[in-house]
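As structure tokens, the structure follows; a few thoughts come after it.
Chain A is the first sequence line, chain B the second, and so forth, proteins listed ahead of strands; every chain is numbered from 1.
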Amino acid sequence: MKIALCVKQVPDTNDIKWTENNTLQREGVESILNPFDAYAAEFALDIKDKLKNTEITVFTMGPNQAQDMLRKLLALGCDNAVLISDRKFAGADTYATGKTIAQAIKTLLPDFDLIICGQFAVDGDTAQTGPCIASFLDIAQVTYVKELVNIDNKSIEVTRELDDGTERVKVTYPVLLCKLQDDFEPSRPLINGIKEALKKEIRICDLNCLGLEPENVGLKGSPTYVSKAFRNISNHNAQKYELSTEESVKLLDEKIKSVEVKNA
Amino acid sequence: MPNGENSGILIYAQLTRENYIHTVFFELLDKSKELASKLGGVEINAVIFTTPNLINEFRESFQNMGLDKVYCFENDLFKNYSTEYYSKLIVNLVNYIKPEIFLIGATTQGRDLAPRISSALHTGLTADCTGLDINEKGLLAATRPTFGGELMATILCKTYPQMATVRPGVFRVNSVYDKKDTEFIFPQYSFEGLEDRVKILDFRNSVDSIINELDSAEIIVAGGMGLKNEQGFALLKDFAKSIGATVGATRAAVEAGLAPSSIQIGQTGKTVRPKLYIACGISGAIQHIVGMENSEHIIAINNDKNAPIFEIADTGIVGDFFEIIPKYLETKGE
Ligand SMILES: Cc1cc2nc3c(=O)[nH]c(=O)nc-3n(C[C@H](O)[C@H](O)[C@H](O)COP(=O)(O)OP(=O)(O)OC[C@H]3O[C@@H](n4cnc5c(N)ncnc54)[C@H](O)[C@@H]3O)c2cc1C
């Protein structure tokens, strides 16, 4: 069983800082493994526990510093790691990212059975990269995956948590899964140990290795572009009152009544 | 028109499992009317998948909505949504009719479908937009929150169709439409080369009713961890009842088992925009705020005067929920 695990390093969104001009401050913001991807990793490792001869190859696209994250995943029990990295990949939207990662999988792990991604990344939150990869590889996809029900060497059965309920589906390989968060914290011991993980080679894959043209990757290869980015500033009044309980009740009553009157 | 070939707006008409047109379709339609008129009155068309003969049930409603054309794919296989069939058939349709804008509701189904279509069409897709407009060059300007809602980005697309998904509840429905002589088109298609390997084994409904009262509520009172326990939520319900409001909750309250997940408001819950939103014992995490900040008037009751909810509340009441609300009910009861 060959699994491609796709993960992303993201800025810690609980640690966002703003410059005076209301632009995002990028320096000094901590990078973390996208929380959804931690569950995707857990899911892949659960499969490895259940099915012998499972080999997990982690793919990430990003700058060189993403190697630390890859090492940690190796220490958790993943087998190989690929860093898809090239200056020319910068500025990619989900289309270009999906295309690049799909090409890397096609090049380095053409006989994969399963691709596992996190459902969302907390920075962009588009939920698009997984389906884009599946589309470029023209394979089946199952999104919003919650639980593993059954797995064998031909097919996998999972539950999906959707808007309107829970669906149970079965699909034969090859397939791409997008994993939701679990209701518990991922808590695996570093079975391979940090030392072992440090010894492993991380394969670096650049534009040449993928055989893509510069105009098909990164900002150039992206159909969408950001024309404007701005801080989300509320248009509410932000009036604060510190009053006695009686006065608070009166204020509350007035405000509720003013809405009721407008509707009458 | 920016490009001679590409014209008109296409909207994906999602059906619920009970065969109702999903509310997000009406919201997208309303917005499309505005966009179409800014583009000089282009056509607004829809695409829908149904089981055979079901389309007749929708004929009149589509006509009353003033749609120009409805592309209908009918088959017994379309009883359930299929990523493979729907995406490939829509790709063929779009290549044939060449819309300049293609909008899809950001339901779990829409978010599964849209990126499959956009990648296959080699075009761009902006997910989860909160604002759509036409810029001075006649392009779709799609605005969306990123970084957990702290940053807004306006995104343009270099290719056609310009695609976007929008979450249910983000746009309002208020138009009255002119009835039209809508054309119903049944495109020829075949399943050649298509194979859906995903088999649906079963489905368990999680929503008590397909109509979530939060969608149409004029007043919402929402509770967070400040309400502490079941008693707190019971008090919240009494309060809601006394003013004819619908109850909502934060994710923390849902996770603590104090409220069902169907009433969770925020990034991973519902987006609401009532006339009045009363946040009780809610700290105001950005993930909660993105789901309710478009409410017309926001009142917050919180005993911590530094709680972030006060930054976005029109009326911030610093005080204890367990003192203010019982007193309020007492006064009302008299
Ligand atoms: C990826 C992701 C998605 C998320 N999605 C959502 C989402 O969709 N919706 C959502 O709500 N959250 C979401 N969250 C969680 C969010 O970050 C917060 O943890 C959550 O909103 C906090 O809920 P709360 O305000 O009820 O609780 P707390 O943050 O614990 O706040 C409780 C508040 O009650 C006040 N209080 C205490 N006692 C009283 C009293 N007696 N009277 C009045 N006030 C009192 C306190 O001062 C405090 O401000 C998400 C988080 C992540 C990481």
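Among I324(B), N135(B), T159(B), the residue making the largest number of heavy-atom pairs under 4.5 Å with chain A is I324(B). For chain A, the option among D314(B), T315(B), I117(B), T83(B) with the highest count of heavy-atom pairs below 4.5 Å is D314(B). For the set R204(B), R116(B), K199(B), the entry with the most heavy-atom pairs within less than 4.5 Å of chain A is R116(B). In terms of heavy-atom pairs under 4.5 angstrom with chain B, the leader among K170(A), E242(A), K255(A), K250(A) is K170(A). Counting heavy-atom pairs closer than 4.5 Å to chain B, the top residue among K99(A), E161(A), Q239(A), E246(A) is Q239(A). Heavy-atom pairs under 4.5 Å with chain A were tallied for A245(B), S261(B), P115(B), A114(B); the largest tally goes to P115(B). Annotation: maximal heavy-atom pairing with chain A below 4.5 Å, among E195(B), H297(B), E311(B), E255(B), occurs at E311(B). The greatest number of non-hydrogen atom pairs below 4.5 Å with chain A, out of I286(B), L125(B), L113(B), is found for L125(B).
Distance check: T108(B) OG1 to R160(A) CZ gives 7.0 Å after rounding to the nearest 0.5 Å. Atom CD in E167(A) sits 4.5 Å away from atom CZ in R17(B) (nearest 0.5 Å). Atom-to-atom distance recorded for S119(B):OG and D138(A):CG is 11.0 Å, nearest 0.5 angstrom. Atom CD1 of I256(A) sits about 7.0 Å away from atom OG of S242(B), to the nearest 0.5 Å. Here the NE2-CG distance, from H236(A) to N294(B), works out to 7.0 Å after rounding to the nearest 0.5 Å. Between T245(A) atom OG1 and E323(B) atom CD the span is 4.5 Å, to the nearest 0.5 Å.
In this structure, no portion of Q119(A) lies under 4.5 Å from any heavy atom of chain B. Contact annotation for Y144(A): only side-chain heavy atoms (C-beta onward) come within less than 4.5 Å of a heavy atom of chain B. Looking at F239(B), the atoms closer than 4.5 Å to chain A (heavy atoms on both sides) all sit in the side chain, from C-beta outward. Heavy atoms closer than 4.5 Å to chain B are found in both the backbone and the side chain of Y225(A). With a 4.5 angstrom heavy-atom cutoff, I309(B) does not touch chain A via any of its atoms. For A313(B), the part lying under 4.5 angstrom from a heavy atom of chain A is the backbone only. In this structure, chain B has a heavy atom under 4.5 Å from the backbone of S222(A), while its side chain stays farther away. Contacts between E247(A) and chain B at a heavy-atom distance below 4.5 Å are absent for every atom of the residue.
Side-chain atoms of R197(B) come within 3.5 Å of backbone atoms of P174(A) as a donor-acceptor pair (strictly under, hydrogens ignored). E296(B) places no side-chain N or O within donor-acceptor distance of the main-chain N or O of V259(A), the cut-off being under 3.5 Å. In terms of modelled atom types and a separation under 3.5 Å, the side chain of K240(A) and the main chain of V318(B) share no donor-acceptor contact.
The side-chain heavy atoms of T143(B) and K228(A), taken from C-beta on, include no pair separated by under 4.5 Å. Residues T126(A) and R144(B) are in side-chain contact: their nearest non-hydrogen atoms beyond the backbone lie under 4.5 Å apart.
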Going through the distances and angles, do F120(A) and D128(B) end up as a side chain to side chain contact (heavy atoms under 4.5 Å, CB included)? CA-CA 12 Å; F120(A) 302 96; D128(B) 250 2; 5.9 Å; no
Given side chain to side chain contact (heavy atoms under 4.5 Å, CB included), test T331(B) with V249(A) step by step and report yes or no. CA-CA 9 Å; T331(B) 329; V249(A) 169; 3.9 Å; yes
Going through the checks in order, is the side chain to side chain contact (heavy atoms under 4.5 Å, CB included) test met by L252(A) and I325(B)? CA-CA 9 Å; L252(A) 181 63; I325(B) 296 307; 3.9 Å; yes
Side chain to side chain contact (heavy atoms under 4.5 Å, CB included) between T268(B) and Q181(A): does it pass, once the steps are laid out? CA-CA 11 Å; T268(B) 43; Q181(A) 282 177 302; over 6 Å; no
Under the salt bridge (Lys or Arg N to Asp or Glu O under 4.0 Å) criterion, do D93(A) and K158(B) qualify, and how do the steps go? CA-CA 12 Å; D93(A) 69 358; K158(B) 296 184 248 180; over 6 Å; no
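Residues G124(B) and T224(A) approach most closely at CA-CG2, 3.5 Å, considering heavy atoms. Across every non-hydrogen atom of T123(B) and Y95(A), the tightest pair is O-CD1, 4.1 Å. Between V198(B) and Q141(A), the shortest heavy-atom distance links the atoms CG2-O, 4.0 Å. Nearest approach of T126(B) to Q128(A), heavy atoms of both residues: C-OE1, 4.1 Å.
Judged by distance alone, the side chains of Q109(B) and D163(A) never bring a donor and an acceptor atom under 3.5 Å apart.
The neighbour count for E254(A) CD, taken as heavy atoms of other residues, nucleotides or ligands under 6.0 Å away, is above 12. For NZ of K88(A), the number of neighbouring non-hydrogen atoms (other residues, nucleotides, ligands) closer than 6.0 Å is 12 at most.
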